[in-house]
Student: 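Right, I'll just put the structure down here and ask away after.
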Number of protein chains: 2
Amino acid sequence: MISDSGGKMEKHDELLVALRKVIRAIDLHSKQLERQVGLTGPQLLVMRAITRFNGAMVKEIADHTNLSPATITSILDRLQSRELVLRQRCTEDKRKVGVYLTDAGIKALQAAPQMLQEHFIRRFDDLKDWEQSLLVSSMQRLAAMMNAEQLDASPLLEIGQVDKPKL
Amino acid sequence: MISDSGGKMEKHDELLVALRKVIRAIDLHSKQLERQVGLTGPQLLVMRAITRFNGAMVKEIADHTNLSPATITSILDRLQSRELVLRQRCTEDKRKVGVYLTDAGIKALQAAPQMLQEHFIRRFDDLKDWEQSLLVSSMQRLAAMMNAEQLDASPLLEIGQVDKPKL
DNA sequence: AAATATTAATTCGCACACAAATTAATAATG
DNA sequence: CATTATTAATTTGTGTGCGAATTAATATTT
């Protein structure tokens, strides 16, 4: 039996624990989605990004979803093999690839439920406005604090503007 | 080019975006750790769990880390192949496997840095105490809200006590 | 004691997710 | 124009992560 052996946890460790639970909950939900509608969370995410601009390039999708191009490629492979998505090399610049939803893809996307449990969203939406804002800004603050370190050669960034490089 | 196309994002979408950034930051740090000290975040996590109770069973480690037994097994495989960890079947109940750190494992763990970026931790520790508590409790609240949905047959759970099943 | 159920761990198949290397095409420079 | 650099996407290799199926061992029931 593993006990907590009395060692009091640092606050940042508590943070990490909570974070892991959230991550796990999201992942479990994604797998649940996959069983129910045949689309995982990341797949839905990518399809939604495509929806926003039909014919988007891979890199644009990557920027928009905060995923790497390599990851996008593999997700697109699976979507394409199921004919939910269509790739078409750009004629003017043959390095680029335009990605489109097929009719089946559009239909699948429309049929898909929310990305988090409706219960969660409902519960979140039921919170008072200031509570929602507090949670959102807390997450954003954490993201900023973490992200700033990723770019380990840019000590000049201000906390308030770390996000979105250029979209 | 993907633009935000003016569609104002829902608050819960903003939340998810921030969450994804945090998740990504953690993952990137894990890969950075791997390059620097040869141990990923999850590997460190598992080794720490073992430290708390030498000879822990796989299931106990899984409970304690919020990971599935299958995941623990694969992580242990890699740790064992590098002789950082040792598996020994229990003699009384031969279904059970005790997991131990080797001397090399103990040394590697001691030499390993934190699982979150040190810059982040420093910055976090610099926050006022109430700010730290606010961030931690915000995350815990999210975890509770999301976790409650996972157990999709338990509408009775109160928000405040969803965590730790039994550890 | 024999049949059945439960439990622990592993194996298998799948889907991320990234960095690094590669390929192909375009842009910039001499 | 030829060489070099940059850019876009893919391929390759590694490491998570899970559920479902499997194997082996222990408990329970009949």
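Lettering of chains follows the sequences in order, A, B, ..., and the numbering in each one begins at 1.
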Student: Give every pair of a protein N or O atom and an N or O atom of nucleotides 12-18 of chain C that lie under 3.5 Å apart, one pair per line with the distance.
Tutor:
| unit_1 | atom_1 | unit_2 | atom_2 | d |
| --- | --- | --- | --- | --- |
| C:dC16 | OP1 | A:T40 | OG1 | 2.6 |
| C:dC16 | OP2 | A:Q43 | NE2 | 2.7 |
| C:dC16 | OP2 | A:R78 | NE | 3.0 |
| C:dC16 | O5' | A:R78 | NH2 | 2.9 |
| C:dC18 | OP1 | B:R24 | NE | 2.6 |
| C:dC18 | OP1 | B:R24 | NH2 | 3.4 |
| C:dC18 | OP2 | A:S68 | N | 2.7 |
| C:dC18 | OP2 | A:S68 | OG | 3.1 |
| C:dC18 | OP2 | A:T71 | OG1 | 2.7 |

Student: I want to check something: taking the side chain as every heavy atom from C-beta on, are B:L142 and A:M139 in contact at a cut-off of under 4.5 Å?
Tutor: yes

Student: What's the verdict on salt bridge (charged side-chain N to carboxylate O under 4.0 Å, His left out) for B:K11 and A:D125, showing C-alpha distance, side-chain angles and the deciding distance?
Tutor: CA-CA 8 Å; B:K11 274 233 180 68; A:D125 288 345; over 6 Å; no

Student: Hey, what else clusters with A:Y100 if you join Ile, Leu, Val, Met, Phe, Trp, Tyr whenever side-chain heavy atoms sit under 4.5 Å?
Tutor: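 Members other than A:Y100 - counting any ILVMFWY side chain reachable under 4.5 Å - are A:L86.
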
Student: If you count the non-hydrogen atoms of other residues, nucleotides and ligands that lie under 6.0 Å from CG in B:D103, is the total more than 12?
Tutor: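 Not buried by this count: 12 neighbours or fewer within 6.0 Å.
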
Student: Restricting to non-hydrogen atoms, name the atom on B:L15 and the atom on A:L135 that form the minimum distance, rounded to 0.1 Å.
Tutor: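 Residues B:L15 and A:L135, closest heavy atoms: CD1-O, 3.8 Å.
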
Student: Can a salt bridge be assigned to the pair B:R122 and B:D126 using a cut-off of 4.0 Å between side-chain N and carboxylate O?
Tutor: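 No, no charged N to carboxylate O under 4.0 Å.
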
Student: Under a 3.5 Å distance rule, please check whether A:E60 uses its side chain to pair with a backbone N or O of A:M57 as donor and acceptor.
Tutor: yes

Student: Looking at A:D77 and A:R82, is there a salt bridge between them, counting it only when a charged N and a carboxylate O are closer than 4.0 Å?
Tutor: no

Student: Give a yes or no on whether A:E83 atom CD has more than 12 heavy-atom contacts from other residues, nucleotides or ligands under 6.0 Å away.
Tutor: no

Student: Which angle, rounded to 10°, do you find between the first-five-pair axis and the last-five-pair axis of the helix from C:dA1-D:dT30 to C:dG30-D:dC1?
Tutor: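 Answer rounded to 10°: the end axes differ by 0°.
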
Student: Separation of B:K59 atom NZ from C:dT6 atom P, in whole Å?
Tutor: 16 Å

Student: For C:dT6 and B:R95 - does any side-chain N or O of the residue sit under 4.0 Å from the phosphate oxygens OP1/OP2?
Tutor: no

Student: Using the test side-chain hydrogen bond (donor to acceptor under 3.5 Å, both in side chains), find all partners of B:D93 that sit at least two apart in sequence or belong to another chain.
Tutor: B:R95

Student: Shoot me the first and last contacting nucleotide of DNA chain D against chain A, ordered 5' to 3', at under 4.0 angstrom to non-hydrogen atoms.
Tutor: D:dT7 to D:dG19

Student: Sequence neighbours excluded, which residues qualify as side-chain contact (heavy atoms from CB on, under 4.5 Å) partners of B:D27?
Tutor: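 side-chain contact (heavy atoms from CB on, under 4.5 Å) check on B:D27 returns B:K31.
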
Student: Between atom CE in A:M57 and atom P in C:dA25, what is the gap in whole Å?
Tutor: 16 Å

Student: In this structure, how many angstroms lie between the C1' atom of C:dA9 and the CG atom of B:L76, rounded?
Tutor: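 For the pair B:L76 CG and C:dA9 C1', the rounded distance is 10 Å.
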
Student: Applying a 4.0 Å non-hydrogen cut-off, can you work out what A:R20 is touching in the nucleic acid: base, sugar-phosphate, or nothing?
Tutor: nothing

